[in-house]
Amino acid sequence: MNGPATNTLPSAAGIGLRAPHYREVLDTLPALGWVEVHSENFFGGGAPLHTLFRVREHYPVSLHGVGLGLASVTPLDAGHLSALARLCADVQPAAVSEHLCWSAADGMVINDLLPFPYTREALDHVARRVDQVQERLQRQLLVENLSSYLSFSRSEMTEGEFLAELTKRTGCGILFDVENLYVNARNLGVDADAFIKAIPAAAVKEYHLAGYSMRDGCLVDTHDHPIYPEVWDLYESVLRHIGPRPTLIEWDTDIPELAVLMGEAAKARQRLEAVEECHAA
Amino acid sequence: MLHDELSHFAQAIVHGHMPSPRIRQAYADYSAETALGVYRNNYRGNLHDALAGAYPVIKQLVGDDFFRFLARQYIEQHPSRSANLHHFGLELAGFIATFEPAKELVYLPDVAALEWACHVAYFADDGDVLDLNALAQVPPERYPDLVLHTHPSCHVVRSHYPIAAIWHAHQPGASEDFHIDLDGGPGYALVSRKDDIVQVSELTEAEAVWLQGIQAGARLGDATVTTLEHYPDFDLQATLLKLVAQNTLANFNLEKTP
């Protein structure tokens, strides 16, 4: 389903805009292609929404949700979806995205992004919920691949195959988090090349890049480091295979000076421009 | 079934149960137990951080280590019920009131209640801005019939302790040289938000009683007469100026004299 509202992010580098940088970004208006914010931080309106409206005057805004739980085995949270719909109506974002994960089961809510087995049953379940969300928002949803620390013996397909089938069934787009794929390749032995080939290039509407950290041998998607060289390499490979797309620098813990994020965004922009020249030539 | 699989996984994270045998046990560089530990840490860490974000003054008052201890107990007893982390922490004031290790800090539950009111005010909807010109056109003989509406962020927190002073002493940039008299009598903290700034100020008991009447929908005349019966020194004009300055009044209408 392609809803009336389409994704209009520019094929440029943006940053995840978090509270410590609101003021500086609004005061200095740095040269950024776009910004992304976490949807839930603006639910309920109030002071944060004031800030977002002002940001929206200067930059395309992408709304990135962390709480909808597309694979949760509880009914889709009507209050949460309403709040998201209201935010979309108010902000008219350039893109709306959620994660391919779950966060609630049997009355327990786990405020995290959790993996699930990639089965046909799960595909039916997630596809139904993506349909519901797109119907409600009247727009295409971008679904992000997950970073995982565990996997399930019962999976019947890979995450890439699952996402490909999901886009086919629902018309949703893909937010391709390159760092998440790298983390899964290292942690779980996921075949990164096979993932890149499995997902339809035309459905990929956005990339994410971030830094991870290491705990007892496990790569954890902490968004608290610069992007590692190996992830830049994978990003370059992704750009060659899939093409240039809007690319976001995410940093959520131990958030550094804005200049550090701008530096990372500049590195992404160089790579984007290089591949755009190749595509043009 | 997907449901059983995820339910098992959730129990393993929240309650420390053994995970489903269908979770792969062998990974190249770590054990399944390590991975589960990451999820368990994330679960508690995210909730701890949400509490710390909503209760920065409590955290300063008790210190980081005690706060972590308190948060851990709170998370056990009041697990998250919402996908929106800004909802987490609603019951902290009541929890602290029964939390034995903190019982000597008698003012702590009320400071927590004040911080939650600030947290809610931060996310509260915008209200109308009081139209002072329209108010000036109300003929004085109709003043008693005014029904004043408060801003959605407006909230009064009552305490036996001077919680507004405690709150102000622990804001960024506040002087470290302060003295707070805990026996100075009850305190009333008024919380409201102007643009994106949450403000806290002190009300007298008379002002708090009057505002409570107004918030309950009483007409200006009735609320004022009732307040003056108990507090002959109540100064209506000073109170109104204070509330307007703090963006507490949103709008008004006139009700017919019954």
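None of these values were measured; they are calculated from a predicted model. Chain letters run A, B, ... following the sequence lines, proteins first, then strands; residues in each count from 1.
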With a 3.5 Å distance limit and no angle check, can you tell me whether [X] reaches the backbone of [Y] through a side-chain donor-acceptor pair?
X	Y	result
B:Tyr27	A:Ser151	yes
B:Tyr30	A:Tyr149	yes
B:Thr34	A:Asp216	no

(request) Report the option among B:Ala35, B:Ala10, B:Pro152 that has the most heavy-atom pairs separated by less than 4.5 Å from atoms of chain A. (result) B:Ala10
(request) Please determine, among B:Val38, B:Leu2, B:Asp196, the option with the most heavy-atom pairs under 4.5 Å with chain A. (result) B:Leu2
What part of [X] lies closer than 4.5 angstrom to a heavy atom of chain B: side chain, backbone, both or neither?
X	answer
A:Ala122	both
A:Leu113	backbone
A:Ala71	backbone
A:Thr119	neither

(message) Sub-4.5 Å heavy-atom contacts with chain A: which residues of residues 56-88 of chain B show up?
(response) B:Ser80, B:Arg81, B:Ser82, B:Ala83, B:Asn84, B:Leu85, B:His86
(request) Between chain B and each of A:Leu49, A:Leu114, A:Asn187, A:Asp77, count heavy-atom pairs under 4.5 Å; write down the option with the most. (result) A:Asn187
(request) Identify which of A:Ala83, A:Ser39, A:Gly79, A:Pro117 forms the greatest number of heavy-atom pairs closer than 4.5 Å to chain B. (result) A:Pro117
(request) Report yes if some heavy atom in the side chain of A:His50 is under 4.5 Å from a heavy atom in the side chain of B:Arg193; otherwise report no. (result) yes
(message) Is any side-chain heavy atom of A:Phe152 closer than 4.5 Å to one of B:Glu5?
(response) yes
(request) Could you please spell out the steps behind the salt bridge (Lys or Arg N to Asp or Glu O under 4.0 Å) verdict for B:Asp195 and A:Arg54? (result) CA-CA 12 Å; B:Asp195 299 325; A:Arg54 288 170 59 206; over 6 Å; no
(message) I need the full list of salt bridge (charged side-chain N to carboxylate O under 4.0 Å, His left out) pairs touching residues 118-128 of chain A, with sequence neighbours left out, sorted by first then second residue.
(response) A:Arg120-A:Glu156, A:Asp124-A:Arg169
(message) Can you tell whether the side chains of A:Arg154 and B:Asp4 come within less than 4.0 Å, N to carboxylate O?
(response) no
(request) Compare every heavy atom of B:Asn46 with every heavy atom of A:Asn111, then report the nearest pair and how far apart it is. (result) O-ND2, 2.8 Å
(request) Taking atom types as modelled, find out whether B:Asn42 and A:Asp112 have a side-chain donor-acceptor pair closer than 3.5 angstrom. (result) yes
(message) Can you see whether B:Arg22 engages A:Ser153 through a side-chain donor-acceptor pair at a distance of less than 3.5 angstrom?
(response) no
(message) How long is the straight-line distance from CH2 of A:Trp102 back to CZ of B:Phe9, given to the nearest 0.5 Å?
(response) 6.0 Å
(request) Could you tell me whether B:Gln11 atom CD has more than 12 heavy atoms of other residues or ligands within 6.0 Å of it? (result) yes
(request) Could you look at B:Leu6 and say if it's the side chain, the backbone, both or neither that has a heavy atom under 4.5 Å from chain A? (result) both
(request) Identify which part of B:Ala124 has an atom lying under 4.5 Å from any heavy atom of chain A, answering side chain, backbone, both or neither. (result) backbone
(request) Give me the one residue out of A:Val109, A:Ile110, A:Asp106 that meets side-chain contact (heavy atoms from CB on, under 4.5 Å) with B:Val14. (result) A:Ile110
